[in-house]
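Just below is one structure, and these are the notes that go with it.
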Protein chains: 2
Amino acid sequence: MKHIAESTVRRLSLYLRFLEEFEAHGHQTISSGELASQGGTTSAQVRKDLSFFGSFGKRGLGYSVSDLSSRLREILGLGRPWKVVIVGAGKIGAALAQYRGFRERGFRIVGIYDVDPQSIGLALDGVTVRDQRDMETDLMSLNAEIALLAVPAEVAQPLTDRLVAAGIGAILNFASTPLHVPSHVTIRSVNMALELEILSYALVNRDA
Amino acid sequence: MKHIAESTVRRLSLYLRFLEEFEAHGHQTISSGELASQGGTTSAQVRKDLSFFGSFGKRGLGYSVSDLSSRLREILGLGRPWKVVIVGAGKIGAALAQYRGFRERGFRIVGIYDVDPQSIGLALDGVTVRDQRDMETDLMSLNAEIALLAVPAEVAQPLTDRLVAAGIGAILNFASTPLHVPSHVTIRSVNMALELEILSYALVNRDA
DNA sequence: CCTTGTGAATCGTTTCACAGCC
DNA sequence: GGCTGTGAAACGATTCACAAGG
C-alpha cells in the first residue's frame, strides 16, 4: 500500500474516538461533515483520508457508524491487544502505569522496570515494578511489542539500544532528547517542555 | 512577519537544546550540518528555518553558539519567565507539577487546582493545591499566561471555557478530547493514547 | 436531493543548487 | 575551500469541484 501521512493516521484515530461516542448515543449513520466538525477538519479531508483505505460509505447516506468504527480499528491495528512495557517508574512512568486510556484501547501494561531499589517491588495498578536487569529476559518471554520510555535524558539512548536489541517493535519516548533507532523500529516522542516552548512562541508572536 | 510553520518552531526548540549542550562542551561555533545531524534533519533545512528570522551565521565559518542560542531564546519567547497553572492534581497533574524540565526553561508553576478535597491543601513541589473555585480570582491576580489542563475528558471543555474567560493566553491539553477556544487563545494537545495508536498503525503496516 | 469518492488545482514545506562571502 | 543564505524546483498535503450513485 501507498505510504500514509502521519497526519492522516492521527485524524483516523480522532474519527474513531468520535464514532465511538456517536455509537454510544445510538446513532446508526454519520456523514463526512459530521465527522469533520468534531476533529476541526473538513468533509473533503475526511473522505480523502478514508479513500486511501477503501470506500466505506453510501452516497446520499453517509457511513454506517459501526461498520466504519470496526474498519478503522482494523486499519489502526486495534483489533488485538498490544503488550506494553514501561521503562522508568518515576513520576511520569507511574502516571502512565495508572492511566486508564491505555487499557481502554487494548494497550496492556505487562511490565514496569526501574533501577531504584525504592521503586522495585512496588505495585502500580496491579503490575509490580521489576529490576531493570530483568528487562531483556522479560521482554523475550513476554514478547512485548511496545515500550514507553520514561527515564532521564542521559540514560534514554542506552536503554533504547537495549530495548531494540531485545526485539522491541516500537517506542514512545518521554525523555527530552532525540533517540536513534534502526529503521525497523518505530519511535515517537512526547516532549512536554517542547510543547510549552511552542506555546511560548505563539504567545510572543500573537499579534505579529 | 510571515507566518511560521509549527514544524519550523518545533525544530528551533530542538536546535536550542543542542546548542546548549554544545555550549556546555565548550564549543564556540557550529555549522548548519552539525546542528542538523542531531535533530535528524538536513543542513539546508536548518539554514532555511533560521533564514525566516534573519542571518545569524558567517559564511565559511558557521554560527556562534552563544549568539545563536540567545537569538533562538528570544525568538521562542524564552527570554522571560512564564507563569503557568496546572488544572487537575491527579496522577498526570502531579507528575507535571514535579517535572524539572519546565522550571529549567523558565516555566514557573504558580498555581495548581483541583476539586477533590483529598488533594486540596497538598503541596506539590512547593506549590499548594488549591480549590478549583479559587482558580479565576488567582488567575486574575497572578496574571498567569499558560495553563496545563490535566483533567478527565468530561470536564475539559467547561474548564477550558473558564480559563479562557479568566484571560488565559495558551493551554496545553492532556485530556483525550479536542477542545474549542476562541482564536486569540492558543491550544495544543498531548494525547498519549493517540500516540500509541499511531505506533500500533506503524507496527501493523511495518511491511506493507 | 443528498452525500460519497476522486482527479485536478492549490497551497505549503522541504530539498536542491548555487551565488556570495568569510 | 568551506559554509551561509536564498531563489527555484520538487514534493507532499489539503482543498476544490464535480461526476456517480443511493
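All chains are named by letter (A, B, ...) in the order of the sequence lines, taking the proteins before the strands, and each is independently numbered beginning at 1.
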Checklist entry - Do the charged groups of A:R103 and A:D125 touch, with an N to O distance under 4.0 Å? => result yes
Checklist outcome for this item: What one should report as the nearest heavy-atom pair of A:Y201 and B:I4 is OH-CG1, 3.3 Å
Checklist entry - Is there a side-chain contact between A:Y63 and A:V65 (heavy atoms, below 4.5 Å)? => result no
Item to check | B:N191 versus B:E195, side-chain donor and acceptor atoms under 3.5 Å | outcome: no
For residues 16-26 of chain A, tabulate all N or O donor-acceptor pairs below 3.5 Å that involve a side-chain atom, not counting sequence neighbours.
from  : atom 1 : to     : atom 2 : distance (Å)
A:E20 : OE1    : A:R105 : NH2    : 2.8
A:E20 : OE2    : A:R73  : NH1    : 2.7

Item to check | Where DNA chain C forms stems, i.e. three or more consecutive Watson-Crick or G-U pairs with both distances under 3.5 Å | outcome: C:1-22 with D:1-22
Item to check | Shortest non-hydrogen contact from B:Q132 toward B:R162 | outcome: O-NH2, 2.9 Å
Item to check | Side-chain (A:D49) to main-chain (A:F53) donor-acceptor, under 3.5 angstrom | outcome: no
Item to check | Strand contacts (DNA chain D) in residues 5-14 of chain A, 4.0 angstrom heavy-atom criterion | outcome: A:A5, A:S7, A:R11
Next on the checklist: On a heavy-atom basis, which atom in A:L163 and which in A:A147 lie closest, and how many Å separate them?
Outcome noted: CD1-CB, 3.8 Å
Let me check something: any side-chain donor-acceptor pairs from residues 81-100 of chain B under 3.5 Å, sequence neighbours excluded? List them with distances.
from  : atom 1 : to     : atom 2 : distance (Å)
B:W82 : NE1    : A:S200 : OG     : 2.9
B:W82 : NE1    : B:G77  : O      : 2.8
B:K83 : NZ     : B:L142 : O      : 2.8
B:K91 : NZ     : A:Q98  : OE1    : 3.3
B:Q98 : OE1    : A:K91  : NZ     : 3.2
B:Q98 : NE2    : B:A94  : O      : 3.1

Checklist entry - Which atoms form the tightest heavy-atom contact between B:L149 and B:A156, and what is the distance? => result CD2-O, 3.7 Å
Interface polar pairs with nucleotides 3-7 of chain D, N/O, under 3.5 angstrom:
from  : atom 1 : to    : atom 2 : distance (Å)
D:dC3 : O4'    : B:G60 : N      : 3.2
D:dC3 : O2     : B:G60 : N      : 3.1
D:dT4 : OP1    : B:S32 : N      : 2.7
D:dT4 : OP2    : B:S32 : OG     : 2.5
D:dT4 : O2     : B:R59 : NH1    : 3.0
D:dG5 : OP1    : B:F56 : N      : 3.0
D:dG5 : OP1    : B:G57 : N      : 2.9
D:dG5 : OP2    : B:Y63 : OH     : 2.9
D:dG5 : O4'    : B:R59 : NH2    : 3.1
D:dG5 : N7     : B:R47 : NE     : 2.6
D:dG5 : O6     : B:R47 : NH2    : 2.9
D:dG7 : N7     : B:K48 : NZ     : 3.4
D:dG7 : O6     : B:K48 : NZ     : 3.4

Checklist entry - Any Lys/Arg nitrogen of B:R188 or B:E6 sitting under 4.0 Å from an Asp/Glu carboxylate oxygen of the other? => result yes
Checklist entry - Going 5' to 3' along DNA chain C, which nucleotides are the first and last within contact of chain B (any atom under 4.0 Å from a heavy atom)? => result C:dT13 to C:dC22
Checklist entry - So, does A:Q157 use its side chain to make a donor-acceptor pair with the main chain of A:H180 at under 3.5 Å? => result yes
